[in-house]
Engineer: 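My questions will all concern the structure given below.
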Amino acid sequence: MNSSNKKQLFIFNSLSGKKEAFVPIHKDKVGMYVCGPTLYSEPHMGNMRTFINFDLVYRYLIHSGYQVKYVRNITDAGHITNSAGEQEDSIGNAARLEQLQPLEIVYKYNLRFQELNKIYNLLPPSVEPTATGHIQEQIEIIENIIKNGFAYVKNGSVYFDVKSYMKSYNYGELSGRKVDELENETRELNAQDEKRFFADFALWKKAQKNDMQIWRSPWGDGNPGWHIECTAMSTKYLGETFDIHGGGLDLKFPHHEDEIAQSCGASGKSPANIWMHANMLNVNGKKMSKSLGNFFLPQEIVDGSSTLFSKPYSPQVIRFFMMQSHYRSTLDLTEEALNASEKGFERLQLSMELLENAPVSESSSFGIPLLIQSFYDAMNDDFNAPILIANLFDAVKKINLIHDKKETINTGDKAFLLSEMKSFIHDVLGLNFGLSKADDRLGPVMDLVLELRQNARDKKDWDTSDLIRDGLKNAGIEVKDGKENTNWK
RNA sequence: GGUCUCGUGGCCGAGUGGCUUAGGCAUCGGUCUGCAAAACCGAGUACAGCGGUUCGAAUCCGCUCGAGACCUCCA
């Protein structure tokens, strides 16, 4: 890219609550960790939104010339321990339900997840480490936390000692929670709780009778706490402190708060300079979630099997739709909104074809560099894809006017605009234009049919020409008469 | 209950003190067309309510109403 376009990237940091100039720890390199899915079921559209948003971040960082190491974990251990100290093994539960081994469950849904990544055109992360592949690393971190006096062992389990931690660090700095307030708000505690303090959380949980996954540890058989895997894997692949940590907004507390505590407790260093949180996908104004049951699967929109939508939508359209809202805003997914995006996306696509074939002139009648700069400015302002798209549509208008011979563009500007637009659409937004004419044999047939219709039209035989047009319409093919020729889709 | 966020024109959705008519879709008008569709061009409408700060607020402050998130697993 042209370095004059680079300018400064600003990112909203959840830790400070402000947009900050992005300066990577190591020049030209970025380390980014994003909390991935727990694969006890098929990821739903809301899950995908987060991953699509961070895919955008990844893509733009690459586009900006950074060498990015992008780590997105896969949680394949259902080691969930809630604040009441009760263990809830989501993967184990799914395994019992489907009569499979836990890792079979994970394998099955990971295959789906990887397919979805392809369908929605997500770039593969640099590494996708799994929790179960890093048990040893998790144990080592826990040992360090104990050694530093921020955790204690109780009956074969290990808990993070929040009170002790608070003497040296600010627990709650990310989520803005005050522990003394928390105490009053927390719902009733389990009476026989092993924890010393209500806010303590499990780093290692002693094995229970019907656990389906168990690992050995210095504290006996058991499994790791929910938060520790991210600390272990981000440290291993990105170091004790790295540039960006991302995840869904619903992970901010307690998950990310506890990650910070674990890292500080183990190494004395905060894990990430910048915390980014992607907002939720809503259905009828409510957060899409598995527990509410108001979710739909990415596949269902694409193949049209969802009862919420009357027809299938291409994954590219869905991606485009998501790019039209900012990652920090909630987004309501409705059929009406999706239809609007579908049309807009088509218009963008048509205009790119127009630009490719646009006639060139001696000079350009409008400022191309300024237009292109606006693409960069939008993305440099906390990855503002909706603004980028608005600016792309400004270009669309210009392109159409060139086509109408009301604006002109010279050879150099045309090449520049074409390559930058392609780059932003394909490489940054991750949108591919569909090849709609699926069947090779249909093309020649359509050529013939349209020729017959044209012959009829030349003879002013409107009955025949309209018969063909209506017949094709019934077959789902739309005839588009242009000035010079006739197209179809 | 506690903490926090949000409320923008018919719909989706940017914008945080003074030209953004943001943008997309829809609507209306026009061009094109045998007619129509498509395509293109052009136009309109908004900032939940009330009060305050300010020369000036959608944008800051307060209150009211409404919606949502987190505090329990969640992207």
Side-chain angles (χ1 to χ4, degrees), chain A residues 17 34-38 40-41 43-54 75 78 80-84 86 88-90 93 172 175-178 181-187 199 226 246-255 277-282 285-292 295 320-321 324-326 328-348 350-351 354 378 381 384-394 396-397 399-401 403-404 406 457 460-462 465-466 469-470 473 478-483 486-489:
Chain A
V34 171
C35 291
T38 301
Y40 63 94
S41 64
H44 63 235
M45 207 59 236
N47 298 316
M48 289 309 289
R49 183 188 179 204
T50 295
F51 303 131
I52 288 171
N53 275 140
F54 282 106
T75 297
I80 307 306
T81 305
N82 66 26
S83 73
E86 291 154 352
E88 188 90 27
D89 179 357
S90 49
N93 290 344
S175 58
R177 267 160 226 282
K178 308 262 185 302
E181 284 174 1
L182 263 177
E183 184 152 27
N184 307 324
E185 300 151 13
T186 306
R187 293 159 200 185
W226 174 31
L249 189 60
D250 50 359
L251 295 181
K252 197 173 182 182
F253 186 88
H255 184 59
H277 290 98
N279 217 322
M280 302 291 104
L281 183 66
N282 286 179
K286 281 211 169 58
K287 174 186 170 184
M288 177 181 287
S289 74
K290 283 179 185 169
S291 47
L292 280 178
F295 65 89
F320 179 73
F321 167 72
Q324 280 184 297
S325 79
H326 188 76
R328 281 193 288 119
S329 301
T330 54
L331 173 62
D332 230 293
L333 180 45
T334 61
E335 173 134 47
E336 204 180 356
L338 220 43
N339 280 333
S341 288
E342 188 174 45
K343 295 217 169 166
F345 185 56
E346 195 174 322
R347 201 151 87 84
L348 182 62
L350 286 172
S351 141
L354 232 45
D381 185 13
N384 201 324
I387 295 286
L388 167 61
I389 289 173
N391 294 342
L392 286 171
F393 274 103
D394 287 343
V396 165
K397 188 151 284 181
I399 291 165
N400 289 331
L401 287 170
H403 181 71
D404 283 0
K406 287 173 185 157
R457 295 179 78 202
K460 298 196 192 302
D461 179 2
W462 310 127
S465 87
D466 290 352
R469 186 213 285 162
D470 296 343
K473 193 177 179 185
E478 186 178 20
V479 173
K480 302 201 281 192
D481 291 326
K483 200 157 197 168
T486 297
N487 272 315
W488 59 276
K489 70 159 204 172

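All values below were derived from every heavy atom in this structure, side-chain atoms included, with hydrogens, water molecules and symmetry-related copies excluded. In what follows, every chain begins at residue 1, and chains take the letters A, B, ... in the order their sequences are listed. None of these values were measured; they are calculated from a predicted model.
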Engineer: Do the side-chain N or O atoms of A:Asn391 get closer than 4.0 angstrom to the phosphate oxygens (OP1, OP2) of B:G23?
Structural biologist: no
Engineer: Ignoring backbone atoms, establish whether A:Asn400 has a side-chain N or O less than 4.0 Å from OP1 or OP2 of B:C41.
Structural biologist: yes
Engineer: Look at A:Lys286 and B:G68 and indicate whether a side-chain polar atom (N or O) is within less than 4.0 Å of OP1 or OP2.
Structural biologist: yes
Engineer: Looking only at side-chain N and O atoms, does A:Lys460 come under 4.0 Å of OP1 or OP2 in B:C35?
Structural biologist: no
Engineer: Using centres under 5.5 Å plus planes under 30 degrees as the test, is A:Trp462 stacked with B:G34?
Structural biologist: yes
Engineer: If I take atom CZ in residue A:Arg457 and atom C1' in nucleotide B:A37, what distance separates them, rounded to the nearest angstrom?
Structural biologist: 11 Å
Engineer: So, is A:Arg347 near the phosphate of B:G24, with a side-chain N or O under 4.0 Å from OP1 or OP2?
Structural biologist: yes
Engineer: OP1, OP2 of B:A36 versus side-chain N and O of A:Lys480: anything below 4.0 Å?
Structural biologist: no
Engineer: Could you check which of B:G34, B:A75, B:G13 has an atom nearest any side-chain atom of A:Pro386?
Structural biologist: B:G13
Engineer: Does A:Ser329 place a side-chain N or O at less than 4.0 Å from the phosphate oxygens OP1/OP2 of B:A14?
Structural biologist: yes
Engineer: Which one is paired to B:A38, where only Watson-Crick or G-U wobble pairs with both distances under 3.5 angstrom count?
Structural biologist: none
Engineer: Considering Watson-Crick and G-U wobble pairs with both distances under 3.5 Å, what does B:G7 pair with?
Structural biologist: B:C65
